[in-house]
Each structure stands twice: as structure tokens, then as C-alpha cells.
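Start at 1 and go down the list; that is how both ligands and their atoms are numbered.
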Amino acid sequence: MHAPVHDRLVAPFCSADRPDRRIGRTVLRIPVADSTNAMLIELGRAGAVDGTVLVADEQVAGRGKGERSWFSSRDESLCVSLLLRRAPGRDLSKATLLAAVALHEAVTRLGVPAAIKWPNDILIGDRKVCGILAEAAATADGDVDFVVVGFGLNVAIVAETFPPELRGIATSLAAATGRTFDCAAVLDACLDSFSTWVAVLEDRGFAPIADAWRRGTSTLGRRVVVSDSAVPLAGTAVALADDGALVLRDAAGHEHLVHSGDISHARPPIAVATASR
Ligand SMILES: O=C(O)CCCC[C@@H]1SC[C@@H]2NC(=O)N[C@@H]21
């Protein structure tokens, strides 16, 4: 049985106490987390303030999308969660796309060409360098109390360290570029970027986030396959709807809204299965 999260926190390794920052004024650090998302939800229920960031040196039960686990490597990847209490950041679908925009910006500002795959994977080439999982915590009445946005960013993992099933589909900043990156500096860049984009959302609404997402994505215009839909669904990704759904046009010209789930980018030629609305 673990001690309560509060008792396991240690001094942060990146610049904490930055009042200028919207996200990460308070950075909490834990040597070993099961899941930073799970722990920050626990801290949020205990009253952690809006914008609190939790970073783990090591994460042993990282949660991925769709009940999957998330692989990380001590000192070679960032496992980070941040807490959004205030509207409109507390909206799960907005937070999901905002996180993609913020992390895409942080990675490209580090000089690494990257792209967003719908809804919020960050790719270098065709390989995933960063995954994002936004989770909502509910009040007793069932309303959203706060949202926790977690991201796992592969900073310095070398190709051979990835488990066999991830080799060929995952990469890290260092593996993709041959350069050296410092986790603390990368975290700083990410928190600066989150701070900027949360402020944009609060001041100007969601439209600038959606526009930045559209500029940063490699999904639009591509043929994609929805892997976990009940009916086989494939087609061309033609737009991002205002609510963050992906608009998919199938071979028959019918448009489908994909609100959640996983897609894969297909390389042509593909056999396009069609499905009606
Ligand atoms: O499947 C995905 O692409 C999402 C992966 C999200 C992983 C991060 S690592 C930090 C945070 N804590 C977790 O348990 N998951 C997220």
C-alpha cells in the first residue's frame, strides 16, 4: 500500500514558483508514480489548485488511451500531468486539442519538425513521440469538477529501449534528430507553451486553438482508417469540426463525424471500406 501522494512529493527539478506562468506556477515532483494522471486526480480531489503540474521521475503504470498502458523510461522521458479547474479549459474536448497544440508548438520550437495526428498524438515523421490523455474528474452531482491533462513525451529514449511492439512506430526527440535534449529544459518549454495556449483559450475562445491545430496537423487531407469503430470506416480526413470531431469523407462521398477513438494514417493505395451514417 502506497503512502498518500502528498507524502511522496520531492523538490521539483524544473523552475517552480513561476508566478508569470498560467500552468506550472506550482510544479510537484514524485520519484516514482504509478500514473501521474491518477495521482493528480487524487491531489485535485484534495484541493490542488488550478494549473498545478505533477511530474514523475519514473512512471510504472502509465495510462494510455483506450485502456492501453503507456511505456516510459526513467530519465529519458517526461511523464507529466496538469490540472485545469477553470472554464473553458475544464472542457475535455477543448483540453484534448489544446494539449496537442501546446505540445506541438513546444516540440517544433525545440527545432524538431513534428505534426499532430488527430486528435492529439505528436508525430515525428510517421512515429509517435508524444501521447496525451485528458481525463475529467466529476463532482458528486456528475458535473465536471476538473480536468487532468497528462502527456508522455519521449525525450532521450534510444530505439532499442522501446519494447519490440513499439519499435518502428515510436520515437524520441533524440532518436529522431541525433541531438541531445535535457528533460528539465524540455519540460520548461512545454509548460511555457501550455501557459500561452490556456491564456489564449481563456481570452479569445477555442477558435484560435482549432486554427493552430489545423495548421499543425498532418491528418487533414490524408486517408485514414478508424480502427475502433463498430462499423469499418475509412476515408479522407477533410476537416476538424468546431467541437473537435474529425470529418471523414468516405469513398461514396458521405461525411462522417468521428468524435473519439483511434485512427491510423494510411498510405495510398488503400482499400477504402465505406460505411453509411
Ligand atoms: O495513449 C496515449 O497516447 C496517451 C498516453 C498518455 C501518457 C501520459 S504519461 C503522463 C500521464 N500519466 C498517465 O498515466 N498517462 C499520461
**Request:** Could you name the option among Lys65, Glu67, Arg63, Lys117 that has the heavy atom nearest to atom 2 (C) of ligand 1?
**Result:** Lys65
**Item:** Winner among Gln59, Met39, Lys128 once heavy atoms are compared against atom 9 (S) of ligand 1
**Value:**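 That would be Gln59.
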**Asked** For the residue pair Phe194 and Phe151, does the interplanar ring angle fall in the parallel (under 30°), tilted (30 to 60°) or perpendicular (over 60°) class?
**Response** parallel
**Asked** What part of Ala56, side chain, backbone, both or neither, has a heavy atom within less than 4.0 angstrom of ligand 1?
**Response** neither
What atoms of ligand 1 come closer than 4.0 angstrom to any heavy atom of [X]?
X: Ser35; answer: 12 (N), 13 (C), 14 (O)
X: Gly62; answer: 14 (O)
X: Ile132; answer: 3 (O), 4 (C)

**Request:** Please report which non-hydrogen protein atom sits nearest to atom 10 (C) of ligand 1, along with the residue it belongs to and the distance in Å to one decimal place.
**Result:** Thr36 OG1, 3.2 Å
**Message:** Return the closest protein heavy atom for atom 5 (C) of ligand 1 as residue, atom name and distance.
**Reply:**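 Its nearest protein heavy-atom neighbour is Trp70 CE3, 3.4 Å.
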**Passing option when Lys117 is tested against Thr219, Asp126, Ile122 for side-chain contact (heavy atoms from CB on, under 4.5 Å)** = Thr219
**Asked** Can you find a side-chain donor-acceptor pair between Glu105 and Trp197 that sits under 3.5 Å?
**Response**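 The criterion, which ignores hydrogens and geometry beyond distance, is satisfied for Trp197 and Glu105.
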**Request:** Say whether Ser81 and Asn37, considering side chains only, have a donor N or O and an acceptor N or O under 3.5 Å apart.
**Result:** yes
**Asked** Should the pair Arg68-Asp262 be classified as a salt bridge under the 4.0 Å nitrogen-to-oxygen rule?
**Response** yes
**Asked** Between Arg167 and Glu160, does at least one N-O distance fall below 4.0 Å, as a salt bridge requires?
**Response** no
